[in-house]
There are 2 protein chains.
Amino acid sequence: MTLSDIEFPTPSENADCRPVREILDRIADKWSLYIFVALKDGPVRFNALRRQIDGISQRMLTITLRQLERDGLISRTLFPTIPPRVDYELTAIGRSLLAPVMALMTWADSNRDVIEEARRQYDH
Amino acid sequence: MTLSDIEFPTPSENADCRPVREILDRIADKWSLYIFVALKDGPVRFNALRRQIDGISQRMLTITLRQLERDGLISRTLFPTIPPRVDYELTAIGRSLLAPVMALMTWADSNRDVIEEARRQYDH
DNA sequence: ATAGAGTAGTATCAAATTGTGACCAACGCT
DNA sequence: AGCGTTGGTCACAATTTGATACTACTCTAT
């Protein structure tokens, strides 16, 4: 058996791929993946997320969190203390997305050397 | 066992996550995932890709293909016929990325109803 | 003979997205 | 009294992406 024999599950083959696109466009943006990974071990507060995700601006963190909340992938819990406290947490469906996302992360981690070498060759 | 008991492989825990970020930022952009899926069954020509990936501009297709080629994930083969013909194809390492990518696609496909319902509730 | 389409792009400029501070209000600490 | 912390929002600047036109060559239809 060669690599090209591997069969991948085809998500209903072309049939109505617009909704899938809408979902993937949310996940495959600049920050969503990192928010997911940051939330994998339990609830995290707004500013803790900001510190954990290097380079994200407050604006984009707010916007991306709202979108993920709208999709039901994370939940937002406000504790009306002073100063206010807001916890973000993966929902059940959000956790089910964690498996494929972590698979991607793991792939990226195991293949970084190969990719960096490919880049060096290409740039040369 | 509950969902929170699931353990995910942690990609070398925080250690040097900048290279992983660089790789993920390439994969998790607006178009790379779709190019990957479009190439999953074998080589595809430039304009065929453009027709297959709805909404992509010629410019972004060129740019994204070049970046994926630089990372060694796809190969570019020019046949100097007239009119010219250029085949894009997944490399071995590119095909190894196909598994996690298809897992994401499959997840998006099986969860679109839930997400659309969540959106309706949020918007209401 | 000539107009139109297809090939794989590049160049230029407009539009959309993202980043950068500033600001808010209420409180604790020194 | 002044600074820091909380979780944001707002206006504006910088970056990224999209739209359109152009290339040069050939094949097909009128």
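Sequence lines set the chain letters: A, B, ... in the order given, protein chains first and strands last, and positions in each chain run from 1. Every value quoted in this text rests on a predicted model; they were computed, and no experiment measured them.
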*Using the side chain to side chain contact (heavy atoms under 4.5 Å, CB included) rule, pick out the option among A:Asp54, A:Ile53, A:Asn47 that qualifies with A:Arg50.*
A:Asn47
*Between D:dG7, D:dG18, C:dG9, which nucleotide gets closest to the side-chain atoms of A:Gln58?*
D:dG7
*Between D:dG18 and B:Trp31, is there an OP1 or OP2 to side-chain N/O distance shorter than 4.0 Å?*
yes
*Length of the line joining B:Ile63:CD1 and D:dG18:P, which is rounded to integer Å*: 9 Å
*Nearest-neighbour nucleotide for the B:Arg45 side chain, C:dC27, C:dT7, C:dT18 considered*: C:dT7
*Roughly, in whole Å, what's the span from CG in B:Asp29 to C1' in C:dT18?*
15 Å
*B:Leu49 has an atom CG; how far is it from atom P of C:dT7, in whole Å?*
12 Å
_Is B:Asn47 close enough to C:dG6 that one of its side-chain N or O atoms is under 4.0 Å from OP1 or OP2 there?_
no
*Is it the case that more than 12 heavy atoms not belonging to A:Asp123 sit under 6.0 Å from its CG atom?*
yes
_For atom CZ of A:Phe79 and atom P of D:dG7, their distance in whole Å_ = 11 Å
_So, does A:Arg76 get its side chain near the phosphate of D:dG8, meaning an N or O under 4.0 Å from OP1 or OP2?_
yes
*Name the residue closer to the 5' end of DNA chain C, choosing between B:Arg50 and B:Arg59 according to the nucleotide with the nearest heavy atom.*
B:Arg50
*Describe the nucleic acid contact of A:Tyr88 in one word from base, sugar-phosphate, nothing, applying a heavy-atom distance below 4.0 Å.*
sugar-phosphate
_Nearest-nucleotide pick for B:Lys30, side chain only, options being D:dG18, C:dT20, C:dG9_ = D:dG18
_Between CG on residue A:Leu98 and CG on residue A:Asp41, distance to nearest 0.5 Å_ = 8.5 Å
*Can you check the B:Ile56 CD1 to D:dT16 P distance for me, whole Å?*
17 Å
*So does B:Glu116 pair up with B:Arg119, basic N to acidic O under 4.0 Å?*
no
*Nearest to the side chain of B:Met60, which nucleotide is it out of D:dG18, C:dC27, D:dA21?*
D:dG18
*Using distance alone, with no hydrogens and no angle criterion, decide if B:Asp109 and B:Thr106 have a side-chain donor and acceptor under 3.5 Å apart.*
no
*Quick one: B:Ile53 CD1 to D:dT17 C1', roughly how many Å, whole number?*
15 Å
*Among D:dT5, C:dT18, C:dA8, which nucleotide sits nearest the side chain of B:Pro84?*
C:dA8
_Whole angstrom value for the distance that separates C1' of C:dG9 from CG of B:Leu78_ = 11 Å
*When the distance from CZ of A:Phe46 to C1' of D:dT5 is rounded to whole Å, what number comes out?*
13 Å
*Choose from D:dT5, C:dT10, C:dT7 the nucleotide whose nearest atom is closest to any side-chain atom of B:Arg66.*
C:dT10
